[in-house]
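Notes for the one structure printed next.
To find a chain, count down the sequence lines: A is the first, B the second, and so on, and within it residues start at 1. When reading the values below, keep in mind they use all heavy atoms of this one structure, side chains included, and skip hydrogens, waters and symmetry mates.
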Amino acid sequence: MDVDGDSSSKGEEEKRNAMVVILVGAPGSGKSTFCDHVMRVSTRPWVRICQDTIGNGKAGTKTQCLTSAAAALKDCKSVFIDRCNLDREQRADFVKLGNGQVDVHAVVLDLPAKLCISRSVKRVGHEGKLQGGKAAAVVNRMLQKKELPKLSEGFSRITFCQSESDVQAAVSTYRALGPQDTLPSGSFGGQKNPDAKVQLGIMKFLKKVDSPVNEVSKIDSLKDSVTNDVTKENDSSSMGQEDIRVIADEEVKRGEDLALGSLEGTSSLENIPTLAFPSISTADFQFDLQKAADIIVEKVLEFVTKHGNARLVLVDLSSGSKILSLVRAKAGEKNIDSGKFLTFVGDITRLYSEGGLRCNVIANAANWRLKPGGGGVNAAIFGAAGPSLETATMERAGSLAPGKSVAVPLPSTSPLFCREGVTHVIHVLGPNMNPKRPNFLNNDYIKGGEVLREAYSSLFEGFASIVRSQETLNKEPKEKIGSIHLEAPVDFKRSHMNQFSTADQKVKREGVYESEGNKKCKGFHEEQESKTTGAGDRSDDAENEKNNGSSSKDWGFWAQALYRIAINPEKSKSDVMEISDEIVVLNDAYPKAKRHILVLARYEGLDRLADVRKENLQLLRTMHDVGLKWAGKYLSEDNTLIFRLGYHSAPSMRQFHLHVISQDFDSRHMKNKKHWNSFTTAFFRDSEDVIEEINKFGQATIKDEYSLLKMELRCHRCRSAHPNIQRLKSHIGKCRFPFPPSLLQNGRLVVATDEDGTNQ
DNA sequence: GTTCTAGAAC
DNA sequence: GTTCTAGAAC
């Protein structure tokens, strides 16, 4: 860092290096504290422009702020714009202060509403005078208007903070800036979809770094991947299937539009060869995270300096991933080119289909026998790649020593190849610090470090050699990574993971399960009655990582009540209202609204949404129609009701079932956050959308239950936040705000119609 | 899925 | 002291 106290002689230069940092955040989000923490130790001259105090210690006007900010800049000082700046219009004039001469940054303090409210309520004598009971209403109202900043507004850098630790990281970044320093351009901190107004879970924000999940459908995710990644051309070598090509072509078109039309310049060069790799040895092999992060960054740096035309992506499934944040921080310190290395939260087997990130090579944290199973990444990759990967692997090697890797070309029949565009899997075996696993190093981190370095070297070399061979094939040297600034190390915080716990991945059901196909129940009710489906076929493999290869979910006895009814509806004690060959309709035993019924599928093997495939389309339509019929019946009795039809992403009860539920949520059984969020977040998958997705993609997007169900409590109509379920319930009893636009589309809400058949 | 309950939050 | 949450048991 170049610290220079002699400002007079360097005035011009300093002016060039001054910057405008626009804080964006609700009252109570910690904007002033942020400025204080930076300014207290910074060697750069800062001026804080605070609208709450600018009028001689009292609140002033926006114009006053603009004038003072301009004066400070003229004086070669960097400025913090400390006001809410929650919408684009409010920010625009401050962005213009940069005048193309100085960098304009945004720091977004996007903390949970509840936290902002409680801070606002508690604060005494705060400059903004926002105290007491009105704070909640004010914060809520302001958050409704919230438009997260985009680079296209004219910011050169945006930092999104969604937790206390994000804020800490941003403070450190800014306080470390000397008078001459600049920061890399781009969008940082993981808000992939700037329009998502999703917040962190309320209660846990201090205990763990939770992350939001975008409430977008798979189709939307493809769209917004375009806004971040401009596709230049389709890489025919990595695409095998017609429908993927179609999607890719659409991306190209939109991408071009975008490149012409806006500054959304966080383009990532999709065609550059990309290796996605998990952190080796830090999960089940219990390698120290700090030490591992150092080694990752060291090896990545080595690679990126040597290879211009390739990109590395460190992937982790869990959004609060410690290793990702450690690596991100260290990579930032080393100024690793963000176009060549990024971190990504998501399922390594679904990077393209669910994350919009194209990776032609993925690394597998393998076991020494190179066998499927175990848990974690290994099980996921073998599961997703299908049996052909095992065959192809065995052709190359029978086992692997720690520190070594083996690259295996994926057969073009593998779903990973067709769907994700992955051409190679590189198996890597890292050092093991877990006494229960083979080759235990007994805390010998000297040896461990060596082996881990060797593992990454071997992995990256394997990748480089694939890149070389593909370049030769294409006979056309790829364009060097361009001058357009790239977004990263960005943590996209995208998690569409199905059936994964935060720590472990389970093999996809269809992978190992001794499938009986989707036989109809009809005709074999009795034989099924006695059949247990509990434990599944656990095949523990001692040297494999934790979590056995069991593919079927362990449904407890209580969780099989619906299954028993589907098989034997006549004998059921529940109030079954309709029975056909295909479906059973019954009242939910614990209705979460005035009207809440279930339409059960009577198909053996269809336990949940994740099991549904294209061959079940007709069933989906039947269930939807039956649901509509019953909703219509209830609407004819009470035309004030509004219904929504949909599926839980990860149901607790076995047997595929459709919820038909009125949107009053007026029920004594609506008791907790999980109940609420399961019907009012993206966890609830609208029936119409599911049908569309199954039709287009052959399977439905499953939303990540672990974060969605813990989200803070928000009104499903006006989106206001509430501290607990009781307060929420008293609010929804009164709230008559129109439903959000997304729900008003695509027939997601079912309302009463008058005689003409028009909506009332 | 619900119920029960310890203990955290208020 | 009361309310509320989250985890375990069922």
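Partners of A:K674 according to the side chain to side chain contact (heavy atoms under 4.5 Å, CB included) rule, which considers only residues two or more places apart in sequence or in another chain, are A:S652, A:N672, A:L709. With sequence neighbours left out, the side chain to side chain contact (heavy atoms under 4.5 Å, CB included) criterion links A:N746 to A:E688, A:D689, A:E692, A:R748.
Taking 4.5 Å as the limit, every side-chain heavy atom of A:F285 sits out of range of all side-chain heavy atoms of A:M433. Taking 4.5 Å as the limit, every side-chain heavy atom of A:L600 sits out of range of all side-chain heavy atoms of A:V585.
Not a single donor-acceptor pair under 3.5 Å links the side chain of A:S321 to the backbone N or O of A:L317.
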N/O to N/O distances under 3.5 Å, protein versus nucleotides 1-5 of chain B:
unit_1 : atom_1 : unit_2 : atom_2 : d
B:dG1  : OP1    : A:S652 : N      : 2.7
B:dG1  : OP1    : A:S652 : OG     : 3.0
B:dT2  : OP1    : A:K592 : NZ     : 2.9
B:dT2  : OP2    : A:H675 : NE2    : 2.6
B:dT3  : OP2    : A:K671 : NZ     : 2.8

